[in-house]
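Just so you know, these numbers use all the heavy atoms, side chains as well, and skip hydrogens, waters and symmetry mates. Proteins come first, then strands; the chains are lettered A, B, ... in the order of their sequence lines, and each starts at number 1.
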Protein chains: 2
Amino acid sequence: MVSIKQVAEQAGVSFKTVSRVVNKDPNVREETRARVLEAIAALNYRPNRAARMMRNQESGVIGFISDEVVTQPYAGDLLIGAQQVASLHDKVLMVVNIENDRVGRQRAIDMLLERRVEGLVYASYYHKEVQVPQEMLQVPSVLVNCYAENEALATFIPDEVQAGYDATRLLIEQGHKIIGHITLNPDIVAAVKRLEGYRKALAEAGIAYDPLLVVQGEPRFDEAANSVSVEQAVAALLELKHQPTAFVCGKDEFAMQAYFEFAKRGLQVGRDIAITSFDNQRMIAPGLSPGLTTMALPHFEMGQAAMNSIFNQGGDIATRLIPFSVIERQSHLLKN
Amino acid sequence: MVSIKQVAEQAGVSFKTVSRVVNKDPNVREETRARVLEAIAALNYRPNRAARMMRNQESGVIGFISDEVVTQPYAGDLLIGAQQVASLHDKVLMVVNIENDRVGRQRAIDMLLERRVEGLVYASYYHKEVQVPQEMLQVPSVLVNCYAENEALATFIPDEVQAGYDATRLLIEQGHKIIGHITLNPDIVAAVKRLEGYRKALAEAGIAYDPLLVVQGEPRFDEAANSVSVEQAVAALLELKHQPTAFVCGKDEFAMQAYFEFAKRGLQVGRDIAITSFDNQRMIAPGLSPGLTTMALPHFEMGQAAMNSIFNQGGDIATRLIPFSVIERQSHLLKN
DNA sequence: CTAATATTTGACAACGTTGTCAATAAGTGG
DNA sequence: CCACTTATTGACAACGTTGTCAAATATTAG
């Protein structure tokens, strides 16, 4: 690789002068500048970041540790949001994907710290608790889409309660009084928080909470994979004496299966039954008919917020809840 | 940040000795080593990669340029595959996500080259032609999931023809003779190649190609967003005089919509009609019933292959077709 | 045309490492 | 205990930059 000295030689000036040109120092004679620029172009010179970094002790790199973030549809938006803000500050992201083992994580952290990252984002691919390595505390760090119980770290997580509330509220506003809820695996934070939101919305509307209306759509992690299927769950609710007229589904896949179950029974979403859900899977939600009204996770916004907080962090350690956005399609409406 | 000299001072040795300990040079007295190690731990010293890099002129970084890779479900597997292989060689990935504008791409390349990346992966999120910046040729580079017409670059793309062939073959083997095909946007490489595979399978089985059986499931980029919907396309085929008994769908979303259209007409997949598709969207394919038989894009494998080629590249410039894998569920079978 | 001042340029050190080579300390054989 | 070999340690340069400061050159005023 060609260095500043070679450029200097070619241009017949000292290497310091080249440095000045490269850094746009105004105190260079126009004629000299031209000569240097020419040499730079001729040799295809590019300043070496490592050398620069040694001088000014700035790596310009933010570490992004994801436990599998990128495998999850659209959780990648988190990365994009983060990258966008980083770019604004002229920083780059170094992304490391760790398996869930301790050693991988340790190796990742070491590598990032050796590279003198100026900040660290730890993101998980679904909202959950994580164990963060102590070393993270050495640089400005944030947790995104995950939280650590006893660590003093700024944290950005989706507001699951609000999402559950809004998803339910949407149906209540359409006049529904008996609303079924197919929940996620109860080991997942989202499952319990969304249920909380569901109950809150009911309570607020003066509708009594009926536990019979809440069915689990997928098994706990430790149970056999095939417990009640979503179809069965939906079917069970539809056979209740007081049949629900609306459903809040734990995720769009559930909603998709619910649509099928409805179809099988001759029920038509938008006419006989209303439904809302979570995730806004672009693969599914717009393709159902009628289009599925669903709560979109604020991945992009969390990524942005997290990165912003790295740059502004005055030891701010708060946990910030980022709201879901309501993607209104047709499925929550009943037109007749 | 603490440097090697401070450690040396603390341990009462020269900084060179510390360097030796850090690099596991055997020519250090046990007692000295212990003392140094202690100082390292006490001060929490970490070697500075930038400085190392200046000495040995090795960045240990591979650039990964993705035009939106991470936004696409499971295309992230490409990243994971690449990272896995890079790790094996003790390299890290620097991921840059570029918007599709020329300046963003230029900025990304510049930044990576300034950081002296030892290789470059250019990945696109769906199989298409791209324009690669000339600078890429300065370091070992590969194209993944995309190709550049007149560049001498190693290229790894999914074998769309094979996928189309296999998806069709699966149905032919079940005895189907009239097989509908709902194609993707014809501007997409995948659409035309998969159709080619479809025709090849038919030809091989001695079935005449009937253009009436092939319908476009989504509009060209330049047309209005709402042309024929997939439901309409399926409906049209089902109203043909010689009704197809099987369908090859351009992607899993199409298949999902086809299932709905079938359901509406009282046709049951697995009994009355068979279907195969592409993409293996884990959000959809397993959730349909019966489970959707679909061709999985070899994202992970392409990532691995690409990275491998960076390390072994002896100016190898070939285009390698990576096979899809057949994910057999139930939808291609007819049990009666 | 000279002195004073402003502009442009260059020498050198430093950033934190590691490679080279010489200096010192520790063993070994007689 | 001495000469000699071997093991251990340290001094110094170099990697490619930029900051500091002094030197050289150009410009301006008188």
Side-chain angles (χ1 to χ4, degrees), chain A residues 1-40 43-61 90 110-118 138, chain B residues 1-40 43-61 90 110-118 138:
Chain A
M1 266 287 138
V2 16
S3 85
I4 205 171
K5 298 196 181 176
Q6 299 169 53
V7 177
E9 170 144 321
Q10 169 97 357
V13 296
S14 80
F15 67 93
K16 180 67 239 223
T17 300
V18 178
S19 166
R20 272 191 265 262
V21 173
V22 170
N23 293 288
K24 310 207 192 309
D25 185 321
N27 299 323
V28 179
R29 208 145 41 105
E30 242 355 284
E31 190 246 329
T32 328
R33 181 191 311 282
R35 207 141 36 90
V36 170
L37 254 16
E38 200 176 324
I40 288 180
L43 298 179
N44 189 21
Y45 165 74
R46 241 172 251 283
N48 182 328
R49 280 301 278 240
R52 277 196 169 166
M53 177 174 161
M54 276 201 41
R55 272 293 320 190
N56 32 260
Q57 308 283 57
E58 272 196 6
S59 64
V61 178
D90 265 301
D110 283 344
M111 175 249 131
L112 291 169
L113 254 21
E114 281 187 7
R115 289 194 142 81
R116 300 292 188 266
V117 290
E118 296 167 20
Q138 294 177 24
Chain B
M1 267 286 139
V2 15
S3 85
I4 205 171
K5 298 197 180 175
Q6 297 170 53
V7 177
E9 170 144 320
Q10 169 98 356
V13 295
S14 80
F15 68 93
K16 180 67 238 222
T17 300
V18 177
S19 166
R20 272 192 265 263
V21 172
V22 170
N23 293 288
K24 308 207 194 309
D25 184 322
N27 298 325
V28 178
R29 208 147 41 105
E30 243 353 285
E31 190 247 330
T32 327
R33 181 190 311 281
R35 207 141 35 91
V36 171
L37 253 16
E38 201 176 325
I40 289 180
L43 298 179
N44 188 22
Y45 165 73
R46 241 172 251 283
N48 182 328
R49 281 302 277 242
R52 278 195 169 166
M53 178 174 161
M54 276 202 38
R55 273 292 323 191
N56 30 264
Q57 308 284 55
E58 271 196 6
S59 64
V61 178
D90 264 302
D110 283 344
M111 176 247 129
L112 290 170
L113 254 21
E114 281 187 6
R115 289 195 143 79
R116 301 293 188 264
V117 290
E118 296 167 20
Q138 295 177 24

query = Please give, in whole Å, the distance from C:dA22 P to B:Asn27 CG?
reply = 17 Å

request  = Report yes if a side-chain nitrogen or oxygen of B:Arg55 is closer than 4.0 Å to either non-bridging phosphate oxygen (OP1 or OP2) of D:dA14; otherwise report no.
outcome  = no

key: Between C1' of C:dT18 and CE of B:Met53, the distance in whole Å   = 15 Å

query = Rounding to a whole Å, what distance do you find between A:Arg52:CZ and C:dG16:C1'?
reply = 18 Å

message = Looking at A:Arg35 and A:Ala11, would you say the former's side chain and the latter's main chain have a donor-acceptor pair under 3.5 Å?
response = yes

request  = Respond yes when some side-chain nitrogen or oxygen of B:Asn56 is under 4.0 Å from OP1 or OP2 of C:dG19, and no when none is.
outcome  = no

query = Has the side chain of B:Asn56 got a donor or acceptor atom that lies under 3.5 Å from a matching backbone atom of B:Arg52?
reply = yes

key: Side chain of B:Thr32 - closest among D:dT8, C:dT8, C:dA11   = D:dT8

inquiry  = Strictly below 4.0 Å: does A:Ser19 bring a side-chain N or O up to OP1 or OP2 of D:dT18?
reply    = yes

ask   = Among D:dT18, D:dA11, C:dT18, which is the nearest nucleotide to the side chain of A:Ile4?
value = D:dT18

query = Nearest nucleotide by nearest heavy atom, which residue falls closer to the 5' end of DNA chain D, A:Lys5 or A:Arg20?
reply = A:Lys5

message = Quick check on DNA chain C: between A:Val28 and B:Gln6, whose nearest nucleotide comes earlier from the 5' end?
response = A:Val28

ask   = If you check every side-chain atom of A:Ser3, which of D:dT17, C:dT18, C:dC15 has the closest atom?
value = D:dT17

request  = Identify the residue among A:Val7, A:Ile4, A:Val36 that makes a side chain to side chain contact (heavy atoms under 4.5 Å, CB included) with A:Val21.
outcome  = A:Val36

inquiry  = Rounded to whole Å, how long is the line connecting atom NZ of B:Lys16 with atom C1' of C:dT24?
reply    = 17 Å

query = Between D:dA11, D:dT18, C:dC15, which nucleotide gets closest to the side-chain atoms of A:Met54?
reply = C:dC15

ask   = So, A:Asn23 side chain and A:Ser19 main chain: donor-acceptor pair closer than 3.5 Å or not?
value = yes

ask   = What is the distance from CG of B:Asn23 to P of C:dG16, rounded to the nearest Å?
value = 17 Å

request  = Remember a base hit wins even if backbone is also touched, and classify A:Arg49 as base, sugar-phosphate or nothing at under 4.0 Å, heavy atoms.
outcome  = nothing

request  = Report the distance from atom CD of B:Glu30 to atom P of C:dA25, rounded to the nearest whole Å.
outcome  = 21 Å

message = Let's see if you can work this out: which of C:dG16, C:dT18, C:dT8 has an atom nearest to the side-chain heavy atoms of A:Gln57?
response = C:dG16

inquiry  = Mind checking if B:Arg46 touches a base, just sugar-phosphate, or nothing, with heavy atoms under 4.0 Å?
reply    = sugar-phosphate

ask   = Is B:Val22 touching bases, backbone alone, or none of the nucleic acid, heavy atoms closer than 4.0 Å?
value = nothing

query = So what does B:Asn48 hit on the nucleic acid, given a heavy-atom distance under 4.0 Å: a base, only sugar-phosphate, or nothing?
reply = sugar-phosphate

inquiry  = Using a strict threshold of under 4.0 Å (side-chain N to carboxylate O), is an ion pair present between B:Glu114 and A:Arg46?
reply    = no

task = State whether A:Arg29 places a side-chain N or O below 4.0 Å from either non-bridging phosphate oxygen (OP1 or OP2) of C:dT9.
result = yes

remark   = Comparing B:Thr17 with A:Phe15, nearest DNA chain D nucleotide closer to 5' gives the residue B:Thr17

query = Can you check whether B:Gly60's main-chain N or O pairs, donor with acceptor, with B:Glu118's side chain at less than 3.5 Å?
reply = yes

query = Rounded to the nearest Å, what distance is computed from the CZ atom of residue A:Arg33 to the C1' atom of nucleotide C:dT7?
reply = 13 Å

